[in-house]
Protein chains: 2
Amino acid sequence: MNDFTKILRNHKLRPTQQRVNLGKLLFGKGNRHVTAEILKYESDCENLKVSQATVYNVLNDFYNVGLLAKVNIDDDKTWYDTNVEHHYHIFIEDESRLVDISPDAIDISIPKKLTKGKISKVDLVVKINS
Amino acid sequence: MNDFTKILRNHKLRPTQQRVNLGKLLFGKGNRHVTAEILKYESDCENLKVSQATVYNVLNDFYNVGLLAKVNIDDDKTWYDTNVEHHYHIFIEDESRLVDISPDAIDISIPKKLTKGKISKVDLVVKINS
DNA sequence: ATGCCTGCAAAATATTTGCATGTAA
DNA sequence: TTACATGCAAATATTTTGCAGGCAT
């Protein structure tokens with residue numbers, strides 16, 4: 001029983017082969033940003049037996065228990081981020097690539113009267129190109 | 001020949017009935033935020049003869065010439081904003097409603113070394129609920 | 001053994017496109 | 001009249017879901 005199996009149990013998710021394998025891809029090498037398409041491609045490269053539907057289902061499962069965050073960049077694909085702490089993003093348009101920014105690096109003070117203090121999330125995406 | 005016809009001509013768009021009618025809906029009563037679905041619903045209410053495909057085409061035409069801005073809030077529908085000046089957004093989740101924030105209201109200073117000065121767009125969405 | 005999970009295909013949703021027709025210039 | 005826009009339906013793209021079978025407990 002490896003570490004990710006334990007993490008799945010801690011989040012009340014049954015550690016199936018697909019969840020464990022996708023979990024290793026996602027959490028095995030530092031913070032990552034993926035789309036469902038990218039993750040399916042990677043799992044195919046590793047000859048894992050995972051359907052595209054299961055990739056979607058597992059991403060949603062992980063998101064629902066707080067293992068992943070969603071990032072909305074453009075009007076097509078949804079991105080998933082293994083960093084679930086509060087932070088911001090740079091999107092490198094040329095490369096369709098996301099980079100995290102620590103909230104410490106950018107100070108955003110939102111006047112309370114605008115939001116009545118009921119903030120649930122603050123999304124900041126800085127888009128850059130060359 | 002009314003005002004919006006003139007605006008269309010200025011943007012090198014032929015002022016067809018559909019573009020003029022949708023333009024009036026969009027720009028006739030202050031700043032607005034709409035999805036393709038909302039705009040189709042409104043044009044149906046006014047008994048305008050516009051197909052859903054044309055609503056999409058016209059929104060894209062207006063976006064491409066700079067009459068509209070796109071806003072990405074969630075992973076489903078794309079929002080269009082009649083305010084094309086640089087600004088930020090509050091998204092009221094309960095009501096699925098967008099509100100503009102002037103960039104003067106929130107100071108965001110992004111360290112140059114993070115972006116190498118190549119910023120093309122800064123998207124800020126503050127999500128609130130009750 | 002039981003119930004949750006997966007694969008596959010089909011459905012659902014959002015958006016784009018091809019083509020014949022209509023309309024602005 | 002000529003080119004561009006529209007309507008409709010079909011195609012495309014992304015994501016979700018139903019169901020039969022499979023695997024974890």
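Computed from a prediction, not measured in an experiment: that's the story for all the values here. Numbered from 1 within each chain, the chains take letters A, B, ... in sequence-line order.
Phosphate contact (OP1/OP2 of C/dT16, side-chain N/O of B/Asn60, threshold under 4.0 Å): present. Checking the phosphate oxygens (OP1, OP2) of C/dT16, no side-chain nitrogen or oxygen of B/Tyr56 falls inside 4.0 Å. Put simply, B/Ser51 has no side-chain N or O that comes within less than 4.0 Å of OP1 or OP2 on D/dT6. When the side-chain nitrogen and oxygen atoms of A/Gln18 are compared with OP1 and OP2 of D/dG22, none of them lie within a distance under 4.0 Å.
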Mark up nucleotides 20-25 of chain C, 5' to 3', with B wherever a protein heavy atom is under 4.0 angstrom from a base atom, S wherever such an atom reaches only the sugar-phosphate, and - elsewhere. ----BS
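Here the C1' atom of nucleotide D/dC8 and the CD atom of B/Gln52 are 13 Å apart, to the nearest Å. Counting to the nearest Å, the P atom of C/dT6 and the CG atom of A/Leu48 are 13 Å from each other. Atom pair A/Leu59:CG and D/dT14:P shows a separation of 14 Å (rounding to whole Å applied).
The side chain of B/Ala36 lies closest to C/dT15, out of D/dG7, C/dG7, C/dT15. Ranking C/dA9, D/dT6, D/dA9 by closeness to the B/Arg19 side chain, first place goes to D/dT6.
At least one donor-acceptor pair under 3.5 Å links the side chain of A/Lys40 to the backbone N or O of A/Val50.
Between the two ends of the helix from C/dA1-D/dT25 to C/dA25-D/dT1, each summarised by a five-pair axis, the helix axis turns through 30° (rounded to 10 degrees).
Within residues 68-80 of chain A, the residues that place at least one heavy atom under 4.0 Å from DNA chain D are, in residue-number order, A/Lys77, A/Thr78.
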